[in-house]
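In what follows, every heavy atom counts, from backbone to side chain, and hydrogens, waters and symmetry copies are set aside. Quantities reported herein were computed from a predicted structural model and do not represent experimental measurements.
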Amino acid sequence: MKRFIPYSQTFIEWFKAIGISFLCVWILRTFFFEISPVSSPSMEKSLLAGDFMFINKLAYGPRAPKTILGVPFVNQKYYSTLLTLPSLRLYGYSKVERNDVVVFNYPLDEEHPVDHRSYFVKRCIGLPGDSITISDGRVYVGHNLIDDEQMLQFNYHLKSDKTLDSTFISHFNLFEGGKISDNNDYSFTLTRSLVDSLTSKTYITAIERNSEKKGMWDEFVFPFNAHYKWNVDNYGPLKIPAKGDTVRLDSLSLCFFERIISVYENNNLVIENDSIFINGDFAPYYVIKQNYYFMVGDNRHNSQDSRHWGFVPEDHIIGKATYIIFSNDKLHGQGIRWNRFFNKIK
């Protein structure tokens with residue numbers, strides 16, 4: 001004789017099973033790993049739009065949740081700031097290293113709490129305490145070139161004896177850029193190897209990399225001060241702040257540290273008659289409270305990165321991008337990129 005199980009008991013058992021599964025997924029996603037899509041071309045050719053990357057949160061140490069009243073798995077919606085916790089990161093098995101591909105929360109998004117901000121992925125070129133310089137598009141730490149030339153992309157001006165048709169565009173995967181004049185002038189984003197391949201074509205008469213000259217000031221480049229005549233191709237030297245650094249504050253240096261002091265480290269900063277006050281006290285110096293990093297895209301001319309908004313605070317770092325799990329090119333209609341599955345991100 002079958003034992004009768006009330007519907008209420010069945011419902012409770014299903015509810016428990018779903019709840020336990022949900023909790024396990026939340027713990028794994030919060031403290032261990034996450035899979036996230038790449039939505040922009042700023043890291044091409046290392047990462048392509050449509051790739052899904054595996055984010056290792058154990059590498060640098062998982063962050064404890066900061067905004068705990070909210071719906072899990074939704075970054076920018078359905079949360080409350082009535083109850084928040086201090087920033088806390090558990091110990092990881094490594095530290096951020098130069099040239100790591102790092103996933104972090106977008107620093108300029110002040111509308112949402114840190115842990116509910118958009119995900120960005122860039123390459124770390126500057127560690128706390130580093131002095132970096134970008135010269136003609138190449139990154140130096142001190143006097144040492146750290147770029148892998150094969151991974152970088154720049155915008156180039158091409159001149160051709162004939163029209164470059166869709167077959168040519170598709171063959172060389174030239175999806176960023178296009179024709180810029182009726183005289184067969186083109187602008188494309190290219191790697192070094194692509195430049196070499198195109199140079200061998202007899203109908204390509206000229207290839208020249210676009211570059212902003214040294215001393216040409218770009219007002220949209222950090223620290224947004226005409227005294228520092230920097231641009232995306234020629235930038236710095238710039239010292240990356242490290243926890244415990246004591247920095248001098250004056251009319252020329254404040255532009256580097258204003259956001260750190262007032263936003264990232266939550267102080268009240270006031271300027272009166274060229275004097276700087278922090279939390280009501282006169283402050284000719286300031287002690288940095290956390291580490292900062294400088295992140296740049298491999299697609300050097302098509303990337304919104306630290307050159308445009310400055311330092312990335314340590315408490316914004318989510319994890320290390322390590323593998324491509326899946327890749328689907330919907331943007332150009334090429335479908336699933338089978339050759340990118342489980343590729344290591346370098």
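- For Lys229 and Glu219, the salt-bridge test fails: no basic side-chain N is under 4.0 Å from an acidic carboxylate O.
- At distances below 3.5 Å, not a single donor-acceptor pair connects side-chain atoms of Asn231 with backbone N or O atoms of Lys214.
- Screening Gln153, Arg123, Lys122 for a side chain to side chain donor-acceptor pair (under 3.5 Å) involving Asp298 leaves a single residue, Arg123.
- Asn339 CG to Ile336 CD1: the interatomic distance, rounded to the nearest 0.5 Å, is 12.0 Å.
- Proximity of a side-chain donor or acceptor of Arg307 to a complementary backbone N or O of Val232 within less than 3.5 Å is detected.
- Separating the OH atom in Tyr119 from the CG atom in Asn105 is a distance of 6.5 Å, to the nearest 0.5 Å.
- The salt bridge (charged side-chain N to carboxylate O under 4.0 Å, His left out) test with Arg300 singles out one residue from Asp305, Asp147, Asp233, and that residue is Asp147.
- Atoms CD and CD1, on Glu258 and Ile276 in that order, are 8.5 Å from each other to the nearest 0.5 Å.
- Between the side chain of Ser200 and the main chain of Ser197, a donor-acceptor pair closer than 3.5 Å is present.
- Following chains of ILVMFWY side-chain contacts shorter than 4.5 Å, one cannot reach Phe54 starting from Phe104, and the two form parts of different hydrophobic clusters.
- Expressed to the nearest 0.5 Å, how far CD of Glu208 lies from NZ of Lys159 amounts to 12.5 Å.
- At a threshold of 4.0 Å, the pair Asp185-Lys179 does not count as salt-bridged, since none of the basic side-chain nitrogens sits closer than that to a carboxylate oxygen.
- For the residue pair Ser42/Asn299, the side-chain donor-acceptor check at 3.5 Å is not satisfied.
- A continuous path of hydrophobic side-chain contacts links Leu85 to Leu82 [ILVMFWY only; heavy atoms under 4.5 Å].
- Atom CZ of Phe277 is surrounded by more than 12 heavy atoms from other residues, nucleotides or ligands within 6.0 Å.
- Under a cut-off of 6.0 angstrom, the local environment of CD in Glu149 is crowded, with over 12 non-hydrogen atoms contributed by other residues, nucleotides or ligands.
- A heavy-atom distance below 4.5 Å is found between the side chains of Ile317 and Val96.
- Side chain of Arg89 to main chain of Pro62: no donor-acceptor pair is present (N/O by atom type, distance under 3.5 Å, no hydrogens or angles).
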Please tabulate, for side-chain N and O atoms in residues 243-250, each donor-acceptor pair with protein atoms closer than 3.5 Å (sequence neighbours left out).
unit_1	atom_1	unit_2	atom_2	d
Asp245	OD2	Lys239	NZ	3.2
Asp245	OD2	Ala242	N	2.9
Arg248	NH1	Tyr285	OH	3.0
Asp250	OD1	Leu252	N	3.0
Asp250	OD1	Ser253	N	2.8
Asp250	OD1	Ser253	OG	3.1

Discussion item. Using the rule given for side-chain contact (heavy atoms from CB on, under 4.5 Å), can you reason through Arg98 versus Val141, listing the C-alpha separation, both sets of side-chain angles and the distance that settles it, and then say yes or no?
Written reply: CA-CA 10 Å; Arg98 205 172 292 119; Val141 174; 3.7 Å; yes
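- With hydrophobic clusters built from ILVMFWY side chains whose heavy atoms lie under 4.5 angstrom apart, Tyr186 does not share a cluster with Ile180.
- Heavy atoms of other residues, nucleotides or ligands lying less than 6.0 angstrom from OH of Tyr228 number more than 12.
- Among all heavy-atom pairs drawn from Gln150 and Ser193, the shortest one is OE1-CB, 4.2 Å.
- Side-chain polar atoms of Tyr293 and Asp100 form no donor-acceptor pair below 3.5 angstrom.
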Discussion item. As a quick check of understanding, evaluate ring-ring contact (aromatic ring centres under 6.0 Å, His included) for Phe294 and Tyr235, giving each step before the final call.
Written reply: CA-CA 12 Å; Phe294 203 86; Tyr235 189 97; 5.6 Å; yes
Discussion item. Using the rule given for side-chain hydrogen bond (donor to acceptor under 3.5 Å, both in side chains), can you reason through Asp136 versus Ser211, listing the C-alpha separation, both sets of side-chain angles and the distance that settles it, and then say yes or no?
Written reply: CA-CA 7 Å; Asp136 195 28; Ser211 181; 3.3 Å; yes
Discussion item. Salt bridge (Lys or Arg N to Asp or Glu O under 4.0 Å) for Asp115 and Lys66? Distances and angles first, verdict last.
Written reply: CA-CA 7 Å; Asp115 53 344; Lys66 185 177 177 67; over 6 Å; no
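- Here the closest heavy-atom approach between residue Ala321 and residue Val121 is recorded as CB-CG2, 4.4 Å.
- Remark: Arg209 is positioned above the aromatic ring of Phe154, its terminal NZ or CZ atom under 6.0 angstrom from the ring centre and at most 45 degrees off the axis.
- A side-chain donor-acceptor contact under 3.5 Å links Asn225 to the backbone of His227.
- If you chain together hydrophobic residues whose side chains sit under 4.5 Å apart, Met151 and Met53 never meet in one group.
- Across Phe257, Trp309, Phe311, a single residue satisfies ring pair (Phe, Tyr, Trp, His ring centres under 6.0 Å) together with Phe222, and that is Phe311.
- Each of Ile325 and Val102 belongs to its own hydrophobic cluster when Ile, Leu, Val, Met, Phe, Trp and Tyr are linked at side-chain heavy-atom distances under 4.5 angstrom.
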Discussion item. Walk me through whether Phe120 and His316 qualify under ring-ring contact (aromatic ring centres under 6.0 Å, His included).
Written reply: CA-CA 10 Å; Phe120 266 46; His316 283 52; over 10 Å; no
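- For the residue pair Ser36 and Ile55, the shortest heavy atom distance occurs at CB-CD1, 3.7 Å.
- A distance-only check finds no donor-acceptor pair linking the side chain of Lys320 to the backbone of Val103 [under 3.5 Å].
- Two residues are said to be in side-chain contact when any heavy atoms from C-beta on lie closer than 4.5 Å; Phe52 and Ile324 fail this criterion.
- In this structure, the side chain of Asn279 engages the main chain of Asn268 through a donor-acceptor pair within 3.5 Å.
- Here the straight-line distance linking atom CD of Gln304 with atom CG of Leu108 works out to 9.0 Å at 0.5 Å rounding.
- Atom CD1 in Ile288 sits 6.0 Å away from atom OH in Tyr286 (nearest 0.5 Å).
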Going by atom type alone, with no hydrogens or angles, which donor-acceptor pairs under 3.5 Å involve a side-chain atom of residues 161-169 and a protein atom two or more places apart or on another chain?
unit_1	atom_1	unit_2	atom_2	d
Thr163	OG1	Asn184	OD1	3.4
Asp165	OD1	Thr167	N	3.3
Asp165	OD1	Phe168	N	2.9

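- Asp148 has its side chain out of reach of Lys346: every pair of non-hydrogen atoms, C-beta onward, lies at least 4.5 Å apart.
- Using a distance-only test at 3.5 Å, with no hydrogens or angles considered, no donor-acceptor pair links the side chain of Asp274 to the main chain of Ser251.
- Asp51 contributes a side-chain N or O that, together with a main-chain N or O of Leu48, makes up a donor-acceptor pair within less than 3.5 Å.
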Worksheet item: Does the side-chain hydrogen bond (donor to acceptor under 3.5 Å, both in side chains) test come out yes or no for Asn56 and Thr322, once each step is laid out?
Response: CA-CA 7 Å; Asn56 180 358; Thr322 54; 5.4 Å; no
Worksheet item: Can you check side-chain contact (heavy atoms from CB on, under 4.5 Å) on Ile146 and Asn99, steps first, answer last?
Response: CA-CA 8 Å; Ile146 67 165; Asn99 277 325; 4.3 Å; yes
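- Evaluation of the salt bridge (Lys or Arg N to Asp or Glu O under 4.0 Å) rule for Lys201 yields no partner, not counting sequence neighbours.
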Worksheet entry | CA sep, side-chain torsions, deciding dist, call: Tyr156, Phe188, ring-ring contact (aromatic ring centres under 6.0 Å, His included) | CA-CA 5 Å; Tyr156 285 81; Phe188 289 116; over 10 Å; no
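- Here the side chain of Asn267 pairs a donor or acceptor atom with the backbone of Ile261 at under 3.5 angstrom.
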